[in-house]
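These notes are about the structure you will find just below.
As the structure lists them, so they are numbered: ligands from 1, and atoms in each ligand from 1.
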Amino acid sequence: MPSTFAWWQRGIIYQIYPRSFQDSNRDGIGDLDGILARLDYLVELGIDAIWISPIFPSPMADFGYDISDYTAIDPQFGNLAGFDRLVAAVHRHGLKIILDYVPNHTSDQHPWFRASRSSRRDPKRDWYVWRDGKADGSPPNNWISEFGGSAWQWDEATGQYYYHAFLKEQPDLNWRNPQVAEAMLAVMRFWLDRGVDGFRVDAIHHLIEAEHLRDNPPDPDWRQGQSPARRLIRLYSLDQEETHDAIAAMRALTDRYDGERVLIGEANLPIDQLMAYYGTHSPGFHLPFNFHLIKTRWEPGAIAALIEEYESALSAGAARWPNWVLGNHDRPRVATRVGREQARVAAMLLLTLRGTPTIYQGDEIGLVDTKIPPWRVQDPWEKNVPGLGLGRDPQRSPMQWDDSRNAGFTCGAPWLPLGDDYARVNVAAQAKDPRSMLALYRALIALRRREGALSVGIHLRAIAVGSILTFRRFHKGRWIKVALNFSAQPQQLDVDPSERWRILLSTELDRSNDGVASLLHLRANEGVVLGRTT
Ligand code: NOJ
């Protein structure tokens, strides 16, 4: 264990979904100048770094995850000069900036793909995954796109299929071709040279497919109503060995830059498979995103088991720093999933566990999913497979800043509807309320900063007793104990009186520095952080 910790180990990351954060030019879509205008808010919140979802030129078939030029800014968001201004301002504010890097696929409008599809003899033909159909003309195999339908798209002009793990407008790059790897590493260099502090690397487990392209086997656990892509076990289309060579090259390049640049990998995988993304033969990601808090049943026994499984998997390898995520632009909001009361407990969990926390914009004011009427649906997933609850618009509705028209997000017509609670649930109102969700986030973040045991301390044993989850943290003579009541009934927790704990923070924000005798009464949905010095 190093004696000093990097910023991305000590710090807290805040995800900005730029279309929905702050509009500055009245087009109803958030932009870079909007982010610039809200930096003070982020500093006050206490976070260390912003990760911005894609801001590059894009036809927006998948809202920026379909990139047609990797080294420019989409005019909807601003331009390169504005980006440079933002980087400088972020750094002036003492924050870091992380960009989204999308190596698995481009837009079908990217010049590389236009060239590739222009002819079988084009030098860029092999930059994408092209195959003949079967003898009967059907696609090369049974693979299903993540957004529904075959993962193969027929190209009439050149008489072959191309592979797309996501939309047909997002053709997969062929990372087995060294020219592709070289061109994509040059993209990283472009932004690192401009001063970005790292990347969140999109859909990394999709990067490379098995060369033989065999059919994926059916998943016997799949049920009607679940995502169509899950009909198959993605044995040959996901998480292939060779992916780790590509990640190692990304890491080697990043390590050549000064100033602790960070690489975060988006790989939605079980914990044992995730561990390989820290690196196999050579270093991989600093932080392979851990989405298991989002996916695990909200129940203390299940959460305790998850924490212990993750901690023990990490301990098998040196230099594996943990991280936790409660929400993002792809998943229903935590306050919707667990309820507004438990969302406070969830915030305390996220910000007291060992490992870098990532906060999704709006969770700090307890935003819930917004109901999207059918005629306002934007997300291609919902359009492709409607009615299964897979659409991601509800968690992407705009940030609620105040109670003015459109919640202060835009003076124009917002691209997605706002939550109908914005007159009540907004940053300005919560900033004035000492017991609001925002006040809780600020207090938890400040506490994490103050207490080394929380930011970098070791983790000791998560256990569930009845409805209460507890665990401890320790650093340099300082003990922290976290106790979270997952139920809507009051609970009692036995405390060893000889340990002389004091309450540092309650999710209710109404007690601190009280000593704890032999019993701690936790109110419904209450979590507390206790501290003591040895
Ligand atoms: C994961 C991103 O988070 C999601 O929004 C996107 O649709 C897919 N990758 C494809 O890029």
Side-chain angles (χ1 to χ4, degrees), residues 13-21 30 51-68 70 74 98-110 113 128-129 143-149 151 153 163-173 175 184 187 199-209 227-230 234 237-239 243 264-269 274 277 285 287-291 294-295 323 325-333 358-361 369 377-385 388 390-397 415-416:
I13 300 169
Y14 183 93
Q15 181 192 355
I16 292 181
Y17 191 70
R19 292 184 75 80
S20 300
F21 193 59
W51 147 39
I52 311 179
S53 287
I55 48 177
F56 318 106
S58 164
M60 301 289 166
D62 189 20
F63 295 106
Y65 284 96
D66 48 321
I67 296 170
S68 52
Y70 283 100
D74 192 285
I98 298 167
L99 290 187
D100 224 305
Y101 174 62
V102 186
N104 178 67
H105 46 268
T106 68
S107 159
D108 63 346
Q109 299 307 310
H110 196 292
F113 188 70
Y128 292 83
V129 184
W143 296 0
I144 301 172
S145 141
E146 291 299 305
F147 294 142
Q153 178 66 23
Y163 174 62
H164 56 94
F166 294 92
L167 296 174
K168 68 178 188 328
E169 293 85 358
Q170 294 167 296
D172 268 50
L173 283 163
W175 272 77
M184 286 305 294
V187 170
F199 299 99
R200 172 272 194 189
V201 184
D202 184 71
I204 191 64
H205 49 325
H206 282 278
L207 198 71
I208 293 180
E209 299 73 42
S227 168
R230 302 300 153 99
R234 295 163 298 172
S237 51
L238 218 58
D239 193 27
T243 304
I264 307 171
E266 194 232 1
N268 197 350
L269 291 171
L274 196 58
Y277 286 75
F285 292 118
L287 302 172
F289 260 148
N290 164 14
F291 295 127
I294 303 183
K295 298 196 291 192
N323 77 91
V325 181
L326 258 190
N328 59 38
H329 62 295
D330 292 327
R331 295 306 191 112
R333 288 231 179 234
T358 298
I359 299 170
Y360 178 47
Q361 79 180 35
D369 289 343
V377 167
Q378 300 273 353
D379 184 21
W381 202 355
E382 179 66 26
K383 289 183 178 169
N384 278 1
V385 279
L388 298 184
L390 298 171
R392 300 166 296 175
D393 294 329
Q395 59 266 33
R396 295 176 178 181
S397 79
W415 77 286
L416 272 177

Taking L167's backbone N and O only, do any of them form a donor-acceptor pair with H164's side chain (distance below 3.5 Å, no angle check)?
yes

Nearest protein heavy-atom contact for atom 7 (O) of ligand 1: which residue, which atom, what distance?
D62 OD2, 2.5 Å

Taking all atoms of both residues into account, what is the closest heavy-atom pair of D100 and Y65, and its distance?
OD2-OH, 2.7 Å

Note the single closest protein heavy atom to atom 2 (C) of ligand 1, along with its residue, its atom name and the distance in Å.
D202 OD1, 3.2 Å

For D62 and P380, the nearest pair of non-hydrogen atoms, with its separation, is OD1-CG, 4.0 Å

Sub-4.0 Å atoms of ligand 1 with respect to non-hydrogen atoms of H105
10 (C), 11 (O)

Look at ligand 1 and say whether F63 reaches it with a heavy atom at a distance under 4.0 Å.
no

Considering only heavy atoms of F147, which atoms of ligand 1 have at least one such atom less than 4.0 Å away?
7 (O)

Would you confirm whether Y17, through its side chain, and N328, through its main-chain N or O, come within 3.5 Å as a donor-acceptor pair?
no

Begin from the C-alpha positions of Y70 and F56 and carry the test ring pair (Phe, Tyr, Trp, His ring centres under 6.0 Å) through to its verdict.
CA-CA 6 Å; Y70 283 100; F56 318 106; 7.1 Å; no

Taking the side chain from D393 and the backbone from V377, do they hold a donor-acceptor pair closer than 3.5 Å?
no

Counting heavy atoms only, which part of F289 comes closer than 4.0 Å to ligand 1: side chain, backbone, both or neither?
neither

Under 4.0 Å from any heavy atom of R392, which atoms of ligand 1 are there?
4 (C), 5 (O), 6 (C), 7 (O)

Under 4.0 Å between heavy atoms, the region of E146 that gets near ligand 1 turns out to be neither

Can you report which non-hydrogen protein atom sits closest to atom 5 (O) of ligand 1, along with the distance?
D330 OD1, 2.8 Å

Heavy atoms only, cut-off 4.0 Å: how does R200 contact ligand 1, side chain, backbone, both, or neither?
side chain

Atom 8 (C) of ligand 1 [closest protein heavy-atom partner, distance rounded to 0.1 Å]
F166 CE2, 3.8 Å

Any ion pair linking E146 and R230 (charged N to carboxylate O, less than 4.0 Å)?
yes

For ligand 1, which atoms sit closer than 4.0 Å to a heavy atom of R396?
5 (O)

Pair R396 + D369: basic N to acidic O under 4.0 Å:
no

